[in-house]
Amino acid sequence: MKRPLTLTARARGSRVRAYFSASASPETRWQTPERQSTAVSTNPPAAGARASPAPARHAVQASLMSLVESRVRSDWWGSPSPLLLQLGEPIDSRLCRHVIRGYTSQGKHLHSVFVFIQMQRVGVRPDSFTFAPVLKSVARLCLREMGRSVHAYAAKANVDGDVYVGTSLVNLYSGCMLIGDAHKVFDEMGERNSVSWNALITGYTHNRKFAEALDLFREMQADGVELTEVTMVGALSACAHLGALSLGKWIHEYIDCYGLSLNEFLGTALVDMYAKCGAVMEMEKVFITMRAKNVYTWNALISGFAINGHGEAALQAFSRMIMENLKPDGVTFLGILCACCHEGLVDEGKKYFGIMKEEFGLRPGIEHYGCMVDLLGQAGLFSEALHLVQNMDLKPDPIIWRTLLGACRTHRNVPLGRYAARKLLELEPTNAENYVLLSNIYAQDSMWDEIAQLRAVMNQRGIAKVAGCSSIEIGNVVYEFVASDCLKPEVRDLLDDIRKELKQMGYAANTGLALYDIEEEEKESSVAFHSEKIALAFGLMKSPPGSTIRIIKNLRVCQDCHVFFKIVSLVYKREISLRDRNQFHHFAGGSCSCRDHW
DNA sequence: GTAGGGTTAG
């Protein structure tokens with residue numbers, strides 16, 4: 001008998017807050033208590049989500065034609081099926097549907113939309129069979145205003161109550177990043193089924209609203225709607241991003257218990273969930289179990305190894321992938337280059353960057369260059385890194401400059417740091433992270449005047465630092481902590497005790513990381529209460545002895561916390577997994593899986 | 001006959 005699990009919604013408004021606890025056992029189905037959060041369904045849609053349908057046909061013709069016709073004409077006339085362009089001729093509606101469906105399924109979305117418009121021009125009425133594919137095409141093209149017009153036209157044609165059309169509309173708005181509108185359509189649907197729920201859940205994950213996606217997942221289950229493979233893919237994706245391991249495991253159990261098909265989609269989502277939750281062994285187990293694998297699956301495995309500091313395993317996986325005759329793509333090489341970065345494998349990274357172009361004919365994107373700049377910069381090879389940035393065939397983006405700036409911080413390279421920061425701030429003057437990075441470089445060399453100037457610029461421009469936030473799951477409840485939080489006395493006392501103990505082991509707070517020029521004692525306390533340290537103290541207090549402490553942070557871990565965690569893992573004999581914004585740090589016995597490269 | 005799915009720099 002599996003453990004009974006209950007689910008609670010995320011409680012908002014408290015400093016330490018519970019997201020959810022894991023769910024019910026698969027046998028007993030998921031017991032969903034009353035909602036505590038109003039985060040999801042009260043989200044008001046943007047005005048005009050249900051625009052007046054009155055002038056629908058004209059709206060389609062006028063607003064859509066001007067937008068689409070100019071873009072489509074060049075390749076339309078050369079297309080293999082120009083028969084519908086005999087404007088003014090009667091067009092058979094069945095033929096139109098057939099052609100639209102064909103174009104949409106082939107990914108020729110502009111063609112699909114264009115045929116739809118021709119139908120309006122010659123007075124052929126579309127039906128639900130026509131709206132569904134054309135809405136899909138509009139969604140893929142991300143044409144918001146066109147989508148609203150087609151929505152209005154569907155209402156006018158009285159087919160918006162159809163479950164297929166409704167689901168297509170949910171998909172349309174979420175694809176256009178208008179998730180509030182998608183939810184409004186969903187709420188107003190007279191008939192819903194599993195597919196409509198899946199469309200909304202997936203929409204929330206695509207819109208990066210992961211906690212809300214899980215709220216919906218819980219609602220769907222409570223409503224007794226069938227949870228399918230597609231549902232689980234969406235929910236697992238949300239778990240992966242949130243680091244919600246216990247819920248992810250529950251879903252895995254459900255898949256096994258209910259015999260859901262571990263196809264490429266679901267298997268890849270599971271592999272990715274375990275990877276992003278730092279559970280590397282479970283990730284490998286799922287991968288081995290899977291019978292159907294494709295390039296997505298391999299990519300999830302390779303980047304999973306990479307972010308968890310298993311660079312060699314990532315490279316071995318790549319070799320196996322090639323042996324199994326799978327063709328790697330750009331994402332595969334991103335994982336490989338990322339693995340080389342985290343392992344500091346400069347020569348290997350250069351080799352794979354070359355292979356990518358020469359053997360596989362893949363043109364490196366800006367993200368591949370980003371990895372190479374990181375690899376070279378973190379290795380202290382600044383001339384090569386700068387040469388690459390200045391000579392690549394793409395315009396350097398802010399991430400490229402920020403990566404170089406980060407390497408300058410690692411190696412205390414103030415002159416190049418200034419140069420990179422100037423380039424970066426030209427492109428991205430309002431991102432606080434850029435100022436903090438440069439300030440950290442100055443602070444390492446006690447350049448307090450420069451820091452004061454930076455602070456003045458930030459104040460003048462009204463730029464505030466992003467608050468550090470760390471979460472930890474204890475007993476199936478996720479607690480969140482904010483940096484310099486108002487601590488409970490017992491957590492503060494424990495942190496003080498830990499610090500005293502660590503000081504005896506030679507730990508001294510790295511006060512150079514404080515953004516401002518402040519008194520030594522204050523500097524120490526500002527890094528002393530970084531959110532990950534608070535989460536760690538809470539974890540030491542509340543988790544069973546010997547269990548792995550898993551913490552997730554929204555920003556990159558600072559050098560001081562990194563040292564702190566290493567010593568805690570040694571002194572307290574605990575394994576600690578810390579996921580920061582870019583990668584995992586697995587601490588054990590006084591060292592970290594990242595080998596201090598991050 | 002129409003709708004819903006996975007990987008991706010720092």
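Within every chain, numbering begins at 1; the chains are lettered A, B, ... in the order of the sequence lines, protein sequences first and strands thereafter.
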Of the listed nucleotides [options], the one nearest the side chain of [X]:
X: S237(A); options: dG5(B), dT7(B), dT2(B); result: dT7(B)
X: R97(A); options: dT2(B), dG5(B), dG1(B); result: dG1(B)
X: V230(A); options: dA9(B), dG6(B), dG5(B); result: dG5(B)
X: L266(A); options: dA9(B), dG5(B), dA3(B); result: dG5(B)
X: A269(A); options: dA3(B), dG6(B), dG5(B); result: dG6(B)

Next on the checklist: Is the base of dT7(B) stacked against the aromatic ring of Y296(A), taking ring centres under 5.5 Å apart and planes under 30° as the test?
Outcome noted: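 It does not: the two rings, one from Y296(A) and one from dT7(B), miss the stacking criterion.
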
Item to check | Stacked pair F129(A)-dG1(B), distance under 5.5 Å, angle under 30° | outcome: yes

Item to check | Presence of K276(A) side-chain N/O under 4.0 Å of dT8(B) phosphate oxygens OP1/OP2 | outcome: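 Yes, such a contact exists.
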
Next on the checklist: Does a side-chain N or O of H241(A) approach OP1 or OP2 of dT8(B) to a distance below 4.0 Å, or not?
Outcome noted: no

Next on the checklist: Can you see whether F129(A) has R101(A) sitting over its ring - NZ or CZ less than 6.0 Å from the centre and within 45° of the normal?
Outcome noted: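 Output no; distance or angle outside limits.
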
Next on the checklist: Just to be sure I understand the geometry, which residues of residues 329-352 of chain A put a non-hydrogen atom under 4.0 Å away from DNA chain B?
Outcome noted: V331(A), L334(A)

Item to check | Within 6.0 angstrom of D223(A) CG, more than 12 heavy atoms from elsewhere | outcome: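 Counting neighbours around CG of D223(A), more than 12 heavy atoms of other residues, nucleotides or ligands fall under 6.0 Å, so yes.
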
Under 4.0 Å between any heavy atoms, over every strand shown, what does [X] touch: base, sugar-phosphate, or nothing? Just pick one.
X: T228(A); value: base
X: D374(A); value: sugar-phosphate
X: I366(A); value: base
X: Q583(A); value: nothing
X: T202(A); value: sugar-phosphate

[N] base / [X] side chain donor-acceptor hit below 3.5 Å:
X: D162(A); N: dA3(B); value: no
X: D397(A); N: dA9(B); value: yes
X: T167(A); N: dA3(B); value: yes
X: N294(A); N: dG6(B); value: yes

Next on the checklist: For V233(A), is there any backbone N or O sitting under 3.5 Å from a side-chain donor or acceptor partner on S237(A)?
Outcome noted: no

Checklist entry - Does the gap between the ring centers of F353(A) and Y369(A) come in under 6.0 Å? => result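 Yes, close enough.
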
Item to check | Identified ring-ring contact (aromatic ring centres under 6.0 Å, His included) counterpart of F287(A) within the set Y274(A), F305(A), W298(A) | outcome: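 Result: among Y274(A), F305(A), W298(A), W298(A) is the only option passing the ring-ring contact (aromatic ring centres under 6.0 Å, His included) with F287(A).
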
Checklist entry - Can D580(A) and H585(A) be counted as having a side-chain donor-acceptor contact under 3.5 angstrom? => result yes

